[in-house]
Amino acid sequence: MKRKDRMSFGAVRVRFAPSPTGYLHVGGARTALFNWVLARQAGGAVVLRVEDTDRSRHVEDSVGKILDDLRWLGLDWDEGPDVGGDHGPYFQSHRLDLYTGHVQRLLDSGDAYYALETPEELAALRGDAKERKGVLKYQRPDPLPTVEQGLAARADGRLITVRFKMPERDIVVHDEVLGEVRIPREELEDFVIQKNDGGPTYHFACVVDDELMNITHVLRGQEHLMNTPKHVAMQEALGFKTPVYVHLPLIFNMDGSKMGKRDKEKAIKAGLEPPEIDVHDFRAAGYLPEALLNFISLLGWSPGDDREQMDLAETINRFTVSRVGAANAKFDRDKLVAFNTDWAARVDAERSLEALRDFAHVSGSPLAGADDKTLAHLLRACAGMRTFRDVENKSAFLFVEDDSIAYDEKAVRKVLAKNEGAGFAMLDTLLSTLRDLDSWEADLIDGALKAICESRDLKLGAVAQPLRVAVTGTTVSPPIQDTLVLLGRERTLKRIEIAGKQKAPA
RNA sequence: GCCCCCAUCGUCUAGCGGCCUAGGAUAUCAGGUUCUCAUCCUGAAGACACGGGUUCGAGUCCCGUUGGGGGUGCCA
């Protein structure tokens, strides 16, 4: 309803155009977010278009995964493969006839021509150029192959391409953040618009679709800046409108390298935890989409004041293309963790539970087997968590058998055995106290433990820590009374008894 | 190589010629709170890449240098 209110004619139309080669990258998510925000604030439409023109790079089920992660982020779309729309189909691989028709138009108007070189010939030329420490610049054949020659070659079974004839002038790109960017004619060459398998190249499909889908604003990574003159030239030749271009600064690792799959492979090879790169990685690592979105929204954009913590609604309210920066950014994971910590403390219990469930499901955590009551309690007991991974770590004790707890050697030594077994002795006291408790509630347990402290003039740590090590095997768990309530009286007592036997390690 | 883009604390950024002895966040360091971990609180330290201009006045405008990035595919 709200969207309708702000509806204006000639509304903004943006697109997400993922290529199905894997999961959704954080950089792609930032691009999607900015596009989405722009459309939503203008009451416009978001189109989801799958750019699958390169079959060789296609990854099975990639589309499903990308859409799923987009949904997890809370970004939706008005037209797309799953929801349909008036400008479909939304897979480029289903739009081949459209591209062929437009290639023909350019061929007819003389703005494109058949190019007869084979990939091998071009590769050889590139090799030569490289030896002369240069790069190949495609030289337009003179005279141009005629249409007859092209057709004859094709009839002959030869695989040939179609190239766009670049106009003989500089091209000026108007970018909302970079201003006017002039690319000298000498830098532009005739590029392929139709591959030798008859399919369109990215550039061509993109230009045709943006026109046919009525896209008004294109927000994309700065790596596309040098593609834009090609697009603009084609738009002119085809009589298409040129959308508003916004080239977003790029996002890198802290060391300035590219954030890519390679980082994961490298880390695994080195025996380290792979870093999160794709949206799905962050999801499985226990981040809230609210936090991730908030964090990446501030990469290359700022609301202009000291405000940082913003939800999607506020981002929609405050976003302006004019405040998008031009300088590349580095992805600071520490700051993301800090954002997540704040968000985790802020979202309500219901939302938190829902998000925890998603985390458990996606990450294959043992938490997935727990009931809502347990999870809700865990969430309360883990207040102050950084990510859901903290909840998982702190609740691991719940998911091991009582008799197969791995007692941390150091913990046993420091907390139980030290001071002539003071901790072990405490366990005996605890065993009887807890066994005789009227009921198994947090307050009662807390009171009982404090009573022990008072009567013996001890700090709570002297009681809670031995107990914690006894029932979890480690020194880290939720607050002790929560740990015990979660575990239940029976298992607690059993574990204390078992822990007593750690006195004389075999 | 050539073309294009960029340049404020370690990092994300505010700053759009005087309001800047440059603000916030995060990270770091030092204290404090706490039954563990985490959270939380207080404080400290920390930047206009360099060189020329323009101007009464420059972090803010111009040029150059250096540095970083992108592009240079029948990938997207």
Side-chain angles (χ1 to χ4, degrees), chain A residues 17-19 21 51-54 56-57 115 117-119 122-123 126 129 132-138 159-163 173 175 177-179 181-184 186-189 191-197 199-203 205-206 220-227 229 247 249-250 252 254 256 258 295 298-309 325-339 341-342 344-345 382-386 390 393-394 411 415 446 449-450 453 459-469 472 474-481 483:
Chain A
S19 198
T21 55
E51 308 222 322
D52 56 349
T53 51
D54 184 3
S56 68
R57 294 217 311 161
E117 302 83 2
T118 63
L122 288 171
R126 282 203 182 88
R132 285 178 279 111
K133 54 189 167 118
V135 291
L136 174 67
K137 260 206 62 206
Y138 183 80
L159 300 175
I160 61 170
T161 62
V162 174
R163 281 182 190 259
V173 171
D175 182 272
V177 348
L178 269 13
V181 180
R182 172 178 294 269
I183 290 83
E186 314 81 71
E187 297 304 317
L188 274 5
E189 58 181 25
F191 55 94
V192 174
I193 58 176
Q194 186 178 58
K195 305 183 207 178
N196 67 15
D197 64 1
T201 56
Y202 156 74
H203 302 294
C206 174
R220 46 156 56 150
Q222 238 174 57
E223 75 265 22
H224 285 290
L225 183 60
M226 288 300 119
N227 292 154
H247 288 94
L250 271 17
F252 296 95
M254 285 300 273
K258 256 183 223 184
F295 177 72
L298 262 13
L299 259 25
W301 174 75
S302 128
D305 54 21
D306 291 339
R307 199 73 203 290
E308 285 204 322
Q309 307 276 330
N328 294 339
K330 289 177 182 163
F331 195 98
D332 186 350
R333 290 189 161 69
D334 289 334
K335 186 156 179 173
L336 204 215
V337 170
F339 266 54
T341 305
D342 289 339
C382 292
M385 69 172 123
R386 292 182 326 331
D390 291 346
N393 291 150
K394 275 193 187 178
V415 180
D446 190 46
L449 298 187
K450 285 191 173 134
C453 291
K459 304 265 269 179
L460 190 50
V463 178
Q465 278 306 77
L467 187 48
R468 174 171 281 118
V469 173
T472 71
T474 73
T475 53
V476 177
S477 87
I480 196 64
Q481 66 274 28
T483 299

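Labels below follow one simple rule: chain letters A, B, ... track the order of the sequence lines, proteins then strands, and each chain is numbered from 1. The analysis underlying the following values was restricted to heavy atoms, covering all of them including side chains, and did not include hydrogens, waters or symmetry mates.
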Completion exercise
Protein-proximity profile, nucleotides 68-76 of chain B, B/S/- by nucleotide at the 4.0 Å heavy-atom cutoff, equals -SBSBSBBB

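- For the P atoms, the distance linking B/rU60 with B/rG53 amounts to 15 Å, nearest Å.
- A/Gly221 comes within 4.0 angstrom of no nucleic acid atom, judged by non-hydrogen atoms across all strands.
- B/rG59 sits 14 Å from B/rU13 when the C1' atoms are compared, rounded to a whole Å.
- A salt bridge links A/Asp446 with A/Lys450; the closest basic N to acidic carboxylate O contact falls under 4.0 Å.
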Are any protein N/O atoms closer than 3.5 Å to N/O atoms in nucleotides 61-63 of chain B? If there are, list each pair with its distance.
none

Each nucleotide N or O in nucleotides 35-38 of chain B that has a protein N or O under 3.5 Å away: list the pair and distance.
unit_1	atom_1	unit_2	atom_2	d
B/rC35	O2	A/Arg468	NH1	2.9
B/rC35	O2	A/Arg468	NH2	3.0
B/rC35	N3	A/Ile480	N	3.2
B/rC35	N4	A/Gln481	OE1	3.1
B/rU36	O4'	A/Gln465	OE1	3.1
B/rU36	O4'	A/Gln465	NE2	3.3
B/rU36	O2'	A/Thr475	O	2.8
B/rU36	N1	A/Arg468	NH1	3.4
B/rU36	O2	A/Thr475	O	3.2
B/rU36	O2	A/Ser477	N	2.9
B/rU36	O2	A/Ser477	O	3.1
B/rU36	N3	A/Arg468	NH2	3.3
B/rU36	N3	A/Ser477	O	2.6
B/rU36	O4	A/Pro479	N	3.3
B/rC37	O2	A/Lys394	NZ	2.3
B/rC37	N3	A/Lys394	NZ	3.1
B/rA38	O2'	A/Gly384	O	2.5

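- Look at B/rC9: it lacks any Watson-Crick or wobble partner with both distances under 3.5 angstrom.
- The nucleotide B/rC2 finds its pairing partner in B/rG71, both defining distances of the Watson-Crick or G-U wobble pair being shorter than 3.5 Å.
- Pair assignment for B/rC37 gives none, since no Watson-Crick or G-U wobble pairing has each distance under 3.5 Å.
- Rounded to whole Å, the C1' atom of B/rC12 lies 33 Å from the corresponding atom of B/rC2.
- Rounding to the nearest 0.5 Å places CG of A/Leu250 at 6.0 Å from CD of A/Gln222.
- With both ends at atom P, the span from B/rU72 to B/rA30 equals 48 Å, rounded to whole Å.
- A donor atom on one side chain and an acceptor atom on the other are not found under 3.5 Å apart for A/Thr472 and A/Ser477.
- Between A/Ile183 atom CD1 and B/rC4 atom P there is a gap of 8 Å when expressed in whole angstrom units.
- Residue pairs that meet the salt bridge (charged side-chain N to carboxylate O under 4.0 Å, His left out) test with at least one member in residues 299-308 of chain A, sequence neighbours left out, are A/Asp305-A/Arg318, A/Arg307-A/Glu314, A/Glu308-A/Lys335.
- Between B/rU36 and B/rA47, the two P atoms lie 36 Å apart (nearest whole Å).
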Distances under 3.5 Å between nitrogen or oxygen atoms of protein and nucleotides 25-27 of chain B:
unit_1	atom_1	unit_2	atom_2	d
B/rA25	O4'	A/Glu308	OE1	3.4
B/rA25	O2'	A/Glu308	OE1	2.5
B/rA25	N3	A/Lys335	NZ	2.9

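- Residue A/Arg132 is classed as having no contact, given no heavy-atom separation below 4.0 Å to the nucleic acid.
- Among the heavy atoms of the strands lying under 4.0 Å from A/Gly304 are primed sugar atoms or P, OP1, OP2 only; no base atom is included.
- Nucleotide B/rU42 forms a Watson-Crick or G-U wobble pair with B/rA30, both donor-acceptor distances falling under 3.5 Å.
- Residues passing the ring-ring contact (aromatic ring centres under 6.0 Å, His included) test with A/His224, sequence neighbours excluded: A/Tyr202.
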